[in-house]
There are 2 protein chains.
Amino acid sequence: MSIDAIVYVVDDDAAMVESLSWIIESVGLKAKIFTQAQDFLDEYKPDQPGCLLLDVRMPGMSGPELQTKLLALSATLPIIFISGHGDVPLAVRVMKAGAIDFLTKPFNDQVLLESINRALRFDKITREKQQENAQAEAKFALLSPREVQVLQGIVSGKQNKVISSELMISLKTVEAHRASVMKKMSVRSVPELVKLVLTNGVQEHATQD
Amino acid sequence: MSIDAIVYVVDDDAAMVESLSWIIESVGLKAKIFTQAQDFLDEYKPDQPGCLLLDVRMPGMSGPELQTKLLALSATLPIIFISGHGDVPLAVRVMKAGAIDFLTKPFNDQVLLESINRALRFDKITREKQQENAQAEAKFALLSPREVQVLQGIVSGKQNKVISSELMISLKTVEAHRASVMKKMSVRSVPELVKLVLTNGVQEHATQD
DNA sequence: TAAAGTGTAGGTGAAAACCCTCAATTTCTA
DNA sequence: TAGAAATTGAGGGTTTTCACCTACACTTTA
């Protein structure tokens, strides 16, 4: 598990990456350089925190193309585009696709660093949310099919006897499942359970009666 | 209460607004035209659904200035910027500030209408969320201070006896407040209550013991 | 001043949830 | 194939919630 954030720089211009990595490292951040988008794609691990400084125009895979591939991989790494050309439609397109910033050359060092900081903060909270979500999903995966049904009943506020009649099983069995659900989801009260289910995308089908 | 969405057009170019409103009305949407940003600001009601087609450059208040003022009013009306000039930093700035699109002239009618539709869909779901939120807030406002404290206890999964000892009141009083809370919030079960509180921004201070 | 609302607290009893143990059947897996 | 997990069910107990009821002091409002 990596701790430190890495600022990935993907740009085919050797002088540019040199300059960028110098600026980045001057404030104590780690930089990792790629001169081709594909090289980055080959090496990047989705669970590595950081952000991506991405040139728009490059031989081979372009910046926007890389963005598309990362989206397809559902990698949430924040992307800061860097462009020397004033292409408004392109800038708007990549921003709509989720880029966190779009800088035009030449830009101030301070502007760059501010943008990187924003991206890293964004990445951090995104990862924290994903972390929580993954933990909830992991617990949820422990439940047997029957337990999931009972869980849904509980979360939609049904009493055990209602659940038992809907599932055509005995009240005692529902109680058993219910206790098992609380244990596996590691919660001690119904409100905690509801929160866990609601705040993490676990869908609730609200089985109607 | 207004039912139909209105596409507001704010642009100082008479020929442009003429053309825009023609396109908009050709697909059965209502258009409302302003040649000055201030005129729009004077007349717009925040609870009117719709979207805003906004020129960037105008004499008097500019498009981005109007966006800033709307943000300050926490008006969530989606804004589609229209610009004839390729100013990338400006486009990026307004997109980061929440604009839903940024079109550069000349643009295809189809592109415009697609963007308007997206904006209207966005506005619709935003308003639905705000609606739910407002209803929950309204119910929440009915609660007395003591009832709010008890509500927080319930939502954080505390038993009545725990709440009673924390608030230094009798168990019986907590029960009374609890019943009152359920009634005023018009829910029948604790899970429903938790959902209502969680999904609508009602903060829960998790009163620590 | 009277009525309404709030906060307090008690009683009774039913219903529900929670806790434990035990055990039979089936189904999955090492 | 044997053991583990899932599903089912039951007995018997405690604890908690819930639904009624009553009551009184205090504040705000009509």
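Computation of the quantities below employed the complete heavy-atom set of this structure, encompassing side-chain atoms and omitting hydrogens, waters and symmetry-equivalent molecules. Letters go in sequence order (proteins before strands), and every chain restarts at 1.
- His177(B) has a side-chain polar atom (N or O) that falls below the 4.0 Å cut-off from OP1 or OP2 of dT8(C).
- Closest to the Lys184(B) side chain, of the nucleotides dG7(C), dT8(D), dT6(C), is dT6(C).
- In this structure, Lys161(A) reaches the dA16(C) phosphate: one of its side-chain N or O atoms is under 4.0 Å from OP1 or OP2.
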Show every donor-acceptor pair shorter than 3.5 Å between a side-chain atom in residues 27-39 of chain A and any protein atom, with sequence neighbours excluded, or say none if there are none.
| residue | atom | partner | partner atom | Å |
| --- | --- | --- | --- | --- |
| Lys32(A) | NZ | Glu43(A) | OE2 | 3.2 |
| Gln38(A) | NE2 | Asp42(A) | OD1 | 2.9 |

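- Following rounding to the nearest Å, Ile154(B) (CD1) and dT17(D) (C1') show an atom-to-atom distance of 11 Å.
- Checked for salt-bridge contact, Glu65(A) and Lys69(A) miss the test: no charged N lies under 4.0 Å from a carboxylate O.
- Nearest nucleotide to the side chain of Val190(B), out of dG7(C), dC18(D), dC18(C): dC18(D).
- Here the nucleotide nearest the side chain of Ala176(B), chosen from dT17(D), dT8(C), dT8(D), is dT8(C).
- Heavy atoms from other residues, nucleotides or ligands lying under 6.0 Å from CZ of Arg127(B) number more than 12.
- Along DNA chain C, the nucleotide closest to Arg146(B) and the one closest to Leu171(A) are compared, and the more 5′ of them pairs with Arg146(B).
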Side chains of residues 95-102 of chain B: which donor-acceptor pairs under 3.5 Å do they make with residues two or more places apart or in other chains?
| residue | atom | partner | partner atom | Å |
| --- | --- | --- | --- | --- |
| Lys96(B) | NZ | Asp101(A) | OD1 | 3.2 |
| Lys96(B) | NZ | Asp101(A) | OD2 | 2.9 |
| Asp101(B) | OD1 | Lys96(A) | NZ | 3.2 |
| Asp101(B) | OD2 | Lys96(A) | NZ | 3.0 |
| Asp101(B) | OD2 | Ser115(B) | OG | 2.8 |

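- Closest to the side chain of Thr173(A), out of dT8(D), dA16(C), dG7(C), is dT8(D).
- Put simply, Asn160(B) has a side-chain N or O that comes within less than 4.0 Å of OP1 or OP2 on dT17(D).
- With dT8(D), dA19(D), dA10(D) as the choices, the nucleotide that has an atom nearest any side-chain atom of Lys172(A) turns out to be dA10(D).
- Across all strands, Lys183(A) comes closer than 4.0 Å to no nucleic acid atom at all (heavy-atom distances).
- Whole-Å rounding puts the Glu175(B) CD to dA9(C) C1' distance at 11 Å.
- Distance Gln159(A) CD to dA15(C) P: 11 Å, rounded to the nearest Å.
- dG10(C) atom C1' lies 14 Å from atom CD1 of Ile169(B), rounded to whole Å.
- Close to dA10(D), at under 4.0 Å from its OP1 or OP2, lies a side-chain N or O of Ser170(A).
- When the C1' atom of dA9(C) is taken as reference, atom CE of Met168(B) falls 16 Å away, rounded to whole Å.
- Remark: P of dT6(C) and CG of Leu151(B) are 15 Å apart, rounded to the nearest angstrom.
- For the pair Lys158(B) NZ and dT15(D) C1', the interatomic distance rounds to 20 Å; values are reported in whole Å.
- A salt bridge is defined here as a Lys NZ or Arg NE, NH1 or NH2 lying under 4.0 Å from an Asp or Glu carboxylate O, and Glu175(A) with Lys172(A) meets this definition.
- Remark: P of dT17(D) and CG of Leu193(B) are 14 Å apart, rounded to the nearest angstrom.
- Looking at the side chain of Arg178(A), the nearest of the listed nucleotides dT16(D), dA9(C), dA17(C) is dA17(C).
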